[in-house]
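Chain letters run A, B, ... following the sequence lines, proteins first, then strands; residues in each count from 1. Note that the coordinates shown come from a computational prediction; the quantities given were computed from them, not determined experimentally. Every heavy atom of this structure was used, including side-chain atoms; hydrogens, water molecules and symmetry mates were not.
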2 protein chains.
Amino acid sequence: MVLDCLSDPIRLAIVYQLAQQERVSSELCCGDFSGLAGKSNLAYHFAKLRECGLMLTRVAGTNRFMRLRREDLDTRFPGLLDAVINSASKDADRLQLLSECEVTAAG
Amino acid sequence: MVLDCLSDPIRLAIVYQLAQQERVSSELCCGDFSGLAGKSNLAYHFAKLRECGLMLTRVAGTNRFMRLRREDLDTRFPGLLDAVINSASKDADRLQLLSECEVTAAG
DNA sequence: CCTCATGTTCAACGTTTATTGAACTATTGT
DNA sequence: ACAATAGTTCAATAAACGTTGAACATGAGG
């Protein structure tokens with residue numbers, strides 16, 4: 001289920017970053033998450049996120065670009081994604097969701 | 001985390017029923033969930049739900065009455081609980097969340 | 001063609017998690 | 001005091017999960 005998928009901190013971080021990227025309407029590729037885990041571990045989490053319908057992948061050359069399935073999610077689970085992302089952003093500092101992939105100052 | 005707690009089907013069912021009970025402003029005791037799992041298994045899930053701040057227990061004699069920590073949750077995670085419960089209610093039939101404890105017709 | 005970069009798949013490992021039954025505590029009613 | 005009821009705690013087991021590295025596939029570029 002979707003909640004099970006979002007309950008993992010790495011997957012939550014992935015979804016959170018994809019949600020941030022939505023604003024710029026650009027996509028992220030696997031390598032952009034390399035701060036969160038190793039390659040194979042990320043592939044595992046990506047698969048889970050795809051399975052439960054949270055995101056989709058567009059293949060372009062050797063890159064895979066991903067984005068949230070925002071519309072489908074908002075239809076099936078109204079308000080859920082926003083509530084989760086909202087809550088995650090409040091805990092972002094505490095959970096170090098950002099520290100590895102977005103913040104470059106604290107290192 | 002809260003999402004991890006809600007990702008278990010039994011715990012989700014418990015939370016869902018507690019949310020239904022909110023409307024009647026009455027509480028439920030452990031035995032009311034006996035359709036979901038055995039006593040000791042329920043106690044395990046109750047502990048988890050208490051740990052992550054989803055519900056609280058009021059001891060009255062040999063009974064434990066429980067309810068959602070609605071206000072705390074809405075403060076910390078605005079909209080999350082409602083979104084989850086809303087989504088759960090749509091899947092209630094499919095997930096058989098109700099069948100054992102509330103519905104008496106479909107059996 | 002060869003090599004490098006990007007990701008995925010597979011097998012293995014260790015940890016966490018859910019589930020069960022038995023033993024235990026505490027309260028109510030007789 | 002005794003038995004019955006309502007839950008919790010504990011130890012043990014099985015399944016699920018996340019993590020890792022090695023092998024593999026595929027496209028880009030010299």
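Transitive grouping of hydrophobic side chains (ILVMFWY, heavy atoms separated by less than 4.5 Å) keeps A:Leu36 and A:Tyr44 in distinct clusters. Residues A:Leu6 and A:Met1 share a single hydrophobic cluster, defined by chaining ILVMFWY side chains whose heavy atoms lie under 4.5 Å apart.
Closest contact between the side chain of A:Lys48 and the listed nucleotides D:dT8, C:dT19, D:dG18 involves D:dG18. The side chain of A:Lys39 has C:dT6 as its nearest neighbour among D:dC17, C:dT6, C:dT17. Residue A:Cys30 places its side chain closer to C:dG7 than to any other of D:dG7, C:dG7, D:dT19. When each of D:dT19, C:dT20, D:dA22 is scored by its nearest atom to the side-chain atoms of A:Ser40, the top-ranked nucleotide is D:dA22. Comparing D:dC17, D:dG7, C:dG7 by their closest approach to the side chain of B:Arg64 singles out D:dG7. The listed nucleotides are C:dT17, D:dT8, D:dC17; the one nearest the side chain of A:Tyr44 is D:dC17. Listed nucleotides: C:dT8, D:dG18, C:dG7. Nearest to the side chain of A:Arg11: D:dG18.
Using a 4.0 Å heavy-atom cutoff across all strands shown, B:Arg50 reaches sugar-phosphate atoms only and no base atom.
When the P atom of C:dA5 is taken as reference, atom CG of A:Asp32 falls 17 Å away, rounded to whole Å. Distance, A:Phe46 CZ to D:dG18 C1': 15 Å, rounded to whole Å. Protein atom CD of A:Glu51 is 14 Å distant from nucleotide atom P of D:dA16, rounded to whole Å. As a whole-Å value, the separation of A:Asp4 CG from D:dG18 P is 7 Å. Distance, A:Arg58 CZ to C:dT8 P: 14 Å, rounded to whole Å. For the pair B:Phe33 CZ and D:dG7 P, the interatomic distance rounds to 10 Å; values are reported in whole Å. D:dT19 atom P lies 10 Å from atom CG of A:Leu36, rounded to whole Å. Taking atom CD1 of A:Ile10 as the reference point, atom P of D:dC17 lies 15 Å away to the nearest angstrom.
Between the side chain of B:Thr62 and the base of D:dG7 there is no donor-acceptor pair of N/O atoms closer than 3.5 Å.
In this structure, A:Gly61 and A:Gly38 both approach DNA chain D, and ranking their closest nucleotides by distance from the 5' end singles out A:Gly38.
Under a 4.0 Å N-O distance rule, the pair B:Arg11/B:Asp4 does not qualify as a salt bridge. Between A:Asp72 and A:Arg76 no salt bridge is recorded (no basic side-chain N to carboxylate O distance below 4.0 Å).
A:Asp32 contributes a side-chain N or O that, together with a main-chain N or O of A:Cys29, makes up a donor-acceptor pair within less than 3.5 Å.
Between A:Asn63 and the phosphate of C:dA5, there is no side-chain N or O to OP1/OP2 separation shorter than 4.0 Å. Side-chain N/O atoms of A:His45 include none lying less than 4.0 angstrom from OP1 or OP2 on D:dC17.
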